Amino acid sequence: MGMSRQSVVQCLRAAVPGVLPSLLMCDFGHLADEVARVEAAGAPALHLDVMDGHFVNNLSYGFVVVEAVRRLTQLPIETHLMIDQPERYVERYIKAGADLVTIHVEATSDPVAVLQQIRAQGAAAGLAFNPPTPLTAIEHCLPHCDSVLVMSVNPGYGGQAFEPVALEKLRALSARSGERPLLEIDGGIHAETIGAASAAGAELYSVGSAIFHAPDYRTTIANLTHTAQQQRKQT
Ligand code: DX5
Ligand code: ZN
């Protein structure tokens with residue numbers, strides 16, 4: 001753990017519209033090079049996808065990889081925990097170096113308690129919800145969230161098609177008055193979808209295949225950020 005919760009949130013707010021590379025799609029045989037490349041390409045933070053084979057079918061990686069990435073960069077690290085009962089592990093991810101810990105509302109019986117647990121450990125707290133999950137399922141949690149991660153695919157795999165239901169949720173969240181959590185979107189974000197997400201109110205974008213399947217990370221991140229900036233919702 002490095003930055004305080006307040007400085008993480010400040011840093012992410014300053015990065016809006018910010019494209020966060022999702023390392024799930026990187027070449028893990030050359031992890032250090034990949035982190036150096038996205039950092040040099042201007043990424044404001046990194047998005048690390050943790051999957052447990054229960055909450056989602058797929059398995060990805062855990063603490064060891066988060067720790068390794070922590071040693072490779074000073075950038076803020078978001079861990080997107082696609083795991084059942086995340087309360088069992090959030091402290092370990094914070095110790096491993098996560099600055100923003102994002103849990104799923106569907107994965108725990110008491111999301112507010114887990115968000116409070118994350119903040120109590122000094123990290124920023126994020127809450128994700130899947131395409132079929134209605135906004136009403138997270139509303140009571142919003143005062144405890146530093147960010148909300150609107151899923152635009154069913155989690156588990158990179159490279160899936162964008163689900164437009166995410167746009168309605170972003171519009172509703174961004175229309176709320178008063179202090180709001182940061183609004184992030186995850187899944188199927190690329191040159192053809194980022195503009196609509198931005199217009200709907202997204203501020204941060206987790207991007208996997210559109211970056212890691214492209215030859216030039218810098219140009220890709222710059223183009224995505226530019227499109228998001230141009231389409232940005234006026235509030
Ligand atoms: C999906 C993950 C995403 C994913 C994004 O389960 O949470 O972060 O890696 O990949 P793309 O951008 O390819 O949809
Ligand atoms: Zn993710």
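None of these values were measured; they are calculated from a predicted model. Below, each value reflects all heavy atoms present in this structure, side chains not excepted, and no hydrogens, waters or symmetry copies. Whatever order the structure lists ligands and atoms in, that order sets their numbers, starting from 1.
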Below 3.5 Å, N or O to N or O, backbone or side chain included: is there any such pair between [X] and ligand 1?
X      : value
Gly156 : yes
Gly187 : no
Met151 : no
Gln160 : no

N, O or S atom within [X] nearest to the Zn ion (ligand 2), by name:
X      : value
His80  : ND1
Asp186 : OD2
Asp49  : OD1

Would you say the side chain of Val90 lies within less than 4.5 Å of the side chain of Ile103, judging by non-hydrogen atoms? yes
Closest protein heavy atom to [atom], given as residue, atom name and distance to 0.1 Å:
atom                    : result
atom 1 (C) of ligand 1  : Tyr157 O, 3.5 Å
atom 14 (O) of ligand 1 : Gly188 N, 2.9 Å
atom 5 (C) of ligand 1  : Asp186 OD1, 3.6 Å
atom 12 (O) of ligand 1 : Gly208 N, 2.7 Å
atom 2 (C) of ligand 1  : Asp49 OD1, 3.5 Å
atom 9 (O) of ligand 1  : Ser22 OG, 2.9 Å

Does either side chain, that of [X] or that of [Y], offer a donor lying less than 3.5 Å from an acceptor on the other one?
X      : Y      : value
Glu192 : His190 : no
Thr108 : Glu87  : yes
Ser22  : Asp49  : yes
Asp27  : His30  : yes
Thr102 : Glu78  : yes

Would you mind listing which atoms of ligand 1 come within a distance below 4.0 Å of any non-hydrogen atom of [X]?
X      : value
Met51  : 6 (O)
Pro155 : 6 (O)
Ser209 : 11 (P), 12 (O), 13 (O)
Gly158 : 10 (O), 13 (O)
His80  : 7 (O)
Met82  : 6 (O), 7 (O)
His47  : 8 (O)
Leu24  : 9 (O)

Salt-bridge test for [X] and [Y]: reply yes if a basic N is under 4.0 Å from a carboxylate O, no otherwise.
X      : Y      : value
Arg5   : Asp99  : no
Glu163 : Lys169 : no
Arg70  : Glu67  : no

How long is the span from the [atom1] atom in [X] to the [atom2] atom in [Y], to the nearest 0.5 Å?
X      : Y      : atom1 : atom2 : answer
Gln85  : His54  : CD    : NE2   : 10.5 Å
Leu115 : Ile138 : CG    : CD1   : 10.0 Å
Met82  : Asp186 : CE    : CG    : 7.0 Å

With a heavy-atom distance limit of 4.0 Å, tell me whether Val207 approaches ligand 1 through its side chain, its backbone, both, or neither. backbone
The test is side chain to side chain contact (heavy atoms under 4.5 Å, CB included); show your working for Leu20 and Val207 and say whether it passes. CA-CA 6 Å; Leu20 278 55; Val207 181; over 6 Å; no
Please check this pair: side chain of Asp52 against backbone of Phe55, looking for a donor-acceptor N/O pair closer than 3.5 Å. yes
Under 4.0 Å, counting heavy atoms only: does Ala210 come that close to any atom of ligand 1? no
